[in-house]
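Computation of the quantities below employed the complete heavy-atom set of this structure, encompassing side-chain atoms and omitting hydrogens, waters and symmetry-equivalent molecules. In the text below, chain A, chain B and the rest are named by the order of the sequence lines, each starting its count at 1.
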Amino acid sequence: MDKNYDPKAVEAKWYPWWEQHGCFHDEPGRGGAPYAVVIPPPNVTGILHMGHALNQTIQDVLVRWHRMRGDNTCWVPGTDHAGIATQNVVEKALRKEGKRRQDLGREAFVERVWEWKRQYGGTIVHQQRKLGNSTDWQRERFTMDEGLSAAVAKVFCDLYDEGLIYRGNYIVNWCPRCGTALADDEVEHEPNEGYLWYVRYPVAGSEGEFVTVATTRPETLPGDTAVAVNPSDARYAHLKGKKVILPLVGKEIPVVFDDYVEKDFGTGVVKITPAHDANDFAVGQRHSLPQVDVMNGDGTMNALSGYEGMDRFACREAIVKDLEKGGYLVKVEPYQNQVGHCYRCHTVVDSRLSKQWFVRMKPLAQPAIEAVRKGEIAIQPKRWESVFFNWMENIRDWCISRQIWWGHRIPVYTCRACGHEWAAPEKPAACPTCGAAAIDQDPDVLDTWFSSWLWPFTVFGWPKQTADLAFYYPTADLITAADILFFWVARMMMAGYHFMGKPPFKNVILHGIVRDAQGRKMSKSLGNSLDPLEIIEKYSADALRFSLALITSMETDTKVDMGKFEIGRNFGTKLWNAARFLQMNAEKLPGFSFADHAGGGLALDPALLRDDDRHLLLKAHRTCAALNAALAKYRIQDGALAIYDFAWTDFCDWYLEYAKADLNAPDAPRRRQTLAILAHVYGQILRLLHPYMPFVTEEIWHQLGYCAEDATIMRAPYPTGCDDAHLAAWGLTEDVLAYVETKRDLITGIRALRAEAGLPPALNVRVLLHPATDALRERLARDADTLKTALRAQAIDLVDAPPAAPMPTKLLRAGAAYLPLDGLVDAKAEADKLDKEIAKLQGFLDGVNAKLNNQAFVSKAPAPIIQNQRDRKAELEAQLATLHARRAAL
RNA sequence: GGGGGAUUAGCUCAGUUGGUUAGAGCGUCUGCUUGACAUGCAGAAGGUCACUGGUUCGAGUCCAGUAUCUCCCACCA
């Protein structure tokens, strides 16, 4: 093995190898329990960001774990056609050529987008491969694939025929830049530092009487068709039946009375603009007010406004100026309100009256709500359930039409001859009612989410009843950040129940989002994004994955900075070097084969087993259990911590060092058995870790020869630990664990004692230990060799009594340790140290005594807890006695 | 306006049903070119678990309130 691990070469080698060898692919017929996951399809325009890296690391860990457990796994990749986003990208390119999409015409433009997709749409799926995702690329889907498009059309027609889709003139969110309607959840509200303009509306037929209205959007004033006051507002009761004169325009509009108006806000009088505000629209409906649209779709003012052609914000200023000139402006106050922005281009959205298609959501939401209530679908972390219920129970109809060209065109047709309107999955040749051939298709396309809400079953071929669909649906886990809980997750549930009669998945696992070191969202405009590809380039994909897994909690967002990825990189290096160590030692043992230790049973001679071996085997056993338990609960971080700690601390820091002596021992069976244990446990580590760090584990697995060249660790069984028979035969008990921990505490303590005394490492001074118990004395005496090794030839003298001379002292679990330093002892420093230690222990003892003297504690606490305290008291008293004796001896 | 989350070492975070002396990584300090590894090894320092009450024999953990920060939802112009 090379001295240095070269992740770039290794990662570039294994991914295509896996893909070519079909390692990511399973078939329904192969056997094994189904474990299916559909990836949240990234936008086809997208490039890989940290959110993807985190999301897909979690998925891949779970998928690889299930695969190694023998499940029939299927992780479906793909991309979303991302209507508005993709159209924007292509339009931008067109603009560089000085063209608009209208110059090309619809058909040519859509062809142009397809061309773009063919050329650049593969970017993100190639980037995903760098992460090591074990997605089944043979099953890759695109939301505008033929099959998926057919499914979308069918779904639209079914809902249309069921009356769950309707069209109507309503106020929708309108992005003037994109020139299309948006769904409610596609609008992001942000605080805006604006103004509240107070404007006088003269009361018609009065002598100079007026009402003052407060508005944040004066440019909509020409569209006012009423002013409204609260019916219980005494200040304005006398205006009943009156009209006011719309400033600048001069027309008379009525005063209406409506509960919607808050008496305490502003002046208590609201201008009503039914065509440009959702509330005003509702008020207008209740009072049969006309709707006057004063704007064009591109955000400029139209002829009805009197400011034709002017941009809406320029118009705002112009109107304010004109109001001021006309003496209508009373005052201006700074005012903070929430303003909606387009989630795609961040333009301020307008509320616009227009004819759009909607899906009735209440009937669709009901089964999904019940499913979560019943636990048929579990949302984790559980606290998201209340968020989910809150949204679902107050769900509003979904505006699904978009006035763009890229997407699934709405399959609704109108006959020019007879006016008949109908929905059909295939473009009809003639009107079914009158037979006329002149028919028009609705020009709009569907919201992107109208195809992705079908993703969990359309990727398996629905509406065809395929073997994949039968086997893999419902899928198992849906893993995503919570930000698309409503956009996507909730709607998939609705579609799943409505069209399949079954849930789309059993578990929804919501993780946090990745933030920068200051906790800010990563964004292009802030320039604080980390690029996963750059991290892979610098540290490796394994490092990226492992570090993310290690620092990510399901409960909260994750803050990252470049330095975090050193954890994973260093861990990979550590593993690599441990492998080199094993290989070097294996070469010295002719006939030794790692393949014999790739799993299955481990043949050991119990007579040769020592406590440190047992300790390692037991910790390995527990680590296997910990990983499986953690992954079963989606505790990715817990699993990462468990394997990291075991591999680094127990295996490398302690056992490898311990094993060095045995590996050089004269007796061959001893050498062989120690290496067998190392190979066995190291093989477990590689397999346990593989879901997190697929590349380095595969490389080492092959380098050491755990498997044949054409095999893969991907299909090696995931370790589950020892069976009870081996635990018993090898004597893997709690007692062994405790003893080795005590021994480690002793070794660490003596190292510290030496370090504190400032002894040069080469200076060999005998250390005295007065063991805490006779049993320990015997056991430590038998372990003298290993202790000596761990302490670098530093011997420990087990003594029967504390030494008389003053010398540095340290209390350890194993007993009191002393460092004989004739004449070199700084009595003052030593006394201070002892006093400090005595004070500390006395504090603990006081606490313990207080508990034991507390009648309530003794009578109410469980017996084992009380016994603990009694043991603790005895221990502390013995330790204090020792310390006091040392103090006196100084 | 409604709801959720967070607050533990200088920093980023663990801490599973309440129970010995609250942990890790990074950073800091000290000492080590040890035949796997300086991307490393051996040590050390560093915490009133945001605050105030409550429940309990016992609270980082459960409850209530307060503060600060954050996210989501919502039609106060």
Side-chain angles (χ1 to χ4, degrees), chain A residues 1 3-5 185 189 196 213-217 228 260-262 264-273 277-283 335 337-338 351 381 383-384 386-387 390-391 394 482-483 485-486 512-513 517 519 521 539 543 547 550-553 555-561 563-564 566-567 569-585 629-630 633 635 637-638 641 644-645 652-653 656-657 660 748 751-756 758-761 792 840-841 843-844 847-848 851 854-862 864-866 868-869 871-872 875-876:
Chain A
M1 289 174 73
K3 184 162 162 51
N4 292 311
Y5 174 56
D185 49 13
H189 291 273
L196 207 47
V213 305
T215 179
T216 53
R217 297 180 60 201
Y260 150 71
V261 182
E262 299 282 333
D264 301 330
F265 186 88
T267 57
V269 188
V270 189
K271 69 194 237 356
I272 299 297
T273 322
D277 182 278
N279 293 310
D280 293 5
F281 177 79
V283 173
Y335 182 68
N337 61 347
Q338 298 280 321
S351 293
R383 63 187 160 81
W384 285 104
S386 56
V387 179
N390 183 45
W391 191 76
N394 298 297
D483 56 355
L485 180 59
F486 305 136
I513 64 169
K521 233 176 184 162
Y539 296 107
S547 298
L550 196 67
I551 63 177
T552 290
S553 143
E555 300 293 327
T556 56
D557 290 347
T558 302
K559 289 185 202 170
V560 299
D561 58 78
K564 286 277 161 43
E566 289 179 9
I567 304 172
R569 191 262 320 257
N570 294 354
F571 189 40
T573 306
K574 190 73 181 172
L575 287 169
W576 182 258
N577 284 304
R580 288 176 59 224
F581 175 81
L582 293 197
Q583 193 179 52
M584 282 169 56
N585 283 284
K633 287 184 288 186
R635 312 259 320 184
Q637 183 186 41
D638 288 359
L641 270 168
Y644 182 80
D645 186 49
C652 290
D653 287 348
L656 229 57
E657 294 303 322
K660 281 176 182 172
T748 301
R751 285 173 182 161
L753 198 55
R754 291 184 52 114
E756 283 161 23
L759 294 190
R792 307 191 47 70
K840 195 172 108 187
L841 293 188
F844 292 149
V848 171
K851 272 191 194 174
N854 181 347
Q855 199 47 48
F857 175 74
V858 181
S859 61
K860 289 190 180 172
I865 299 295
I866 298 171
N868 269 344
Q869 294 299 309
D871 294 347
R872 180 89 182 111
E875 187 191 354
L876 282 167

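Within 4.0 Å (heavy atoms only), A:Asn854 reaches sugar-phosphate atoms of the nucleic acid but no base atom. Counting any heavy atom pair closer than 4.0 Å across all strands shown, A:Leu656 reaches a base atom. Using a 4.0 Å heavy-atom criterion, one finds that A:Glu657 contacts the bases of the nucleic acid, with or without backbone contacts as well. Counting non-hydrogen atoms under 4.0 angstrom, A:Tyr335 reaches the backbone sugars and phosphates but no base. Heavy atoms of A:Thr558 sit nowhere under 4.0 angstrom from any nucleic acid atom. Counting any heavy atom pair closer than 4.0 Å across all strands shown, A:Phe571 reaches no nucleic acid atom. Heavy atoms of A:Arg217 sit nowhere under 4.0 angstrom from any nucleic acid atom. Counting non-hydrogen atoms under 4.0 angstrom, A:Arg569 reaches a base of the nucleic acid. As judged by a 4.0 angstrom heavy-atom cut-off over every strand, A:Ile567 is placed among residues touching the sugar-phosphate backbone only. Counting non-hydrogen atoms under 4.0 angstrom, A:Val560 reaches nothing in the nucleic acid. Using a 4.0 Å heavy-atom cutoff across all strands shown, A:Lys559 reaches sugar-phosphate atoms only and no base atom. Contacts of A:Gln637 with the nucleic acid, taken as non-hydrogen atoms under 4.0 Å apart, involve only primed sugar atoms and P, OP1 or OP2. Within the 4.0 angstrom heavy-atom criterion, no nucleotide atom of any strand lies near A:Pro864. Looking at heavy-atom distances under 4.0 Å, A:Arg872 makes contact with a base.
Between A:Phe265 and A:Tyr335, the ring planes are perpendicular. Angles over 60° get that label, and only those under 30° would be called parallel.
Toward the 5' end of RNA chain B, the nearer of the two residues A:Lys271 and A:Ala578, judged by each one's closest nucleotide, is A:Ala578. Toward the 5' end of RNA chain B, the nearer of the two residues A:Glu756 and A:Asn585, judged by each one's closest nucleotide, is A:Asn585.
Using C1' as the reference atom, B:U28 and B:U12 are 16 Å apart when rounded to the nearest Å. When the C1' atom is used for both B:G27 and B:C11, the distance is 7 Å, rounded to whole Å. The same atom, C1', is picked in B:U39 and in B:G46; the two are 25 Å apart, to the nearest Å. Distance check on atom P: B:G31 versus B:C69 gives 44 Å, rounded to whole Å. Separating the P atom of B:G43 from that of B:C63 is a span of 40 Å, rounded to the nearest Å. Taking the C1' atom of each, B:U66 and B:C26 are spaced 33 Å apart, rounded to whole Å. Distance noted for atom P between B:A22 and B:A67: 31 Å (whole Å). Between B:A64 and B:A24, the two C1' atoms lie 33 Å apart (nearest whole Å).
Among residues two or more places apart in sequence or in another chain, the side chain to side chain contact (heavy atoms under 4.5 Å, CB included) test is passed with A:Asp561 by A:Ala517, A:Lys564.
The shortest side-chain heavy-atom distance between A:Asn4 and A:Trp576 does not fall under the 4.5 Å cut-off. At least one side-chain heavy atom of A:Tyr644 sits under 4.5 Å from a side-chain heavy atom of A:Ile567. Within the 4.5 Å cutoff, the side chain of A:Tyr5 has no heavy atoms near those of the A:Leu575 side chain. For the pair A:Leu485 and A:Trp391, the minimum side-chain heavy-atom distance is 4.5 Å or more. In this structure the side chain of A:Thr216 reaches within 4.5 angstrom of the side chain of A:Leu196, judged on heavy atoms.
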Test log, rule side-chain contact (heavy atoms from CB on, under 4.5 Å), inputs A:Lys574 and A:Asp653: CA-CA 10 Å; A:Lys574 190 73 181 172; A:Asp653 287 348; 4.2 Å; yes
Dot-bracket for RNA chain B, 5' to 3', with Watson-Crick and G-U pairs under 3.5 Å, [ ] for crossing pairs and | for other-strand pairs: what is it? (((((((..((((.....[...)))).(((((.......))))).....(((((..]....))))))))))))....
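Between the side chain of A:Asp557 and the backbone N or O of A:Ile513, at least one donor-acceptor pair lies under 3.5 Å. Not a single donor-acceptor pair under 3.5 Å links the side chain of A:Gln869 to the backbone N or O of A:Lys851.
No option in A:Val261, A:Ile272, A:Asp277 other than A:Ile272 meets the side chain to side chain contact (heavy atoms under 4.5 Å, CB included) test with A:Val283.
Protein chain A contacts RNA chain B over a range whose 5' and 3' limits, counting nucleotides with an atom under 4.0 angstrom from a non-hydrogen atom, are B:G4 to B:A77.
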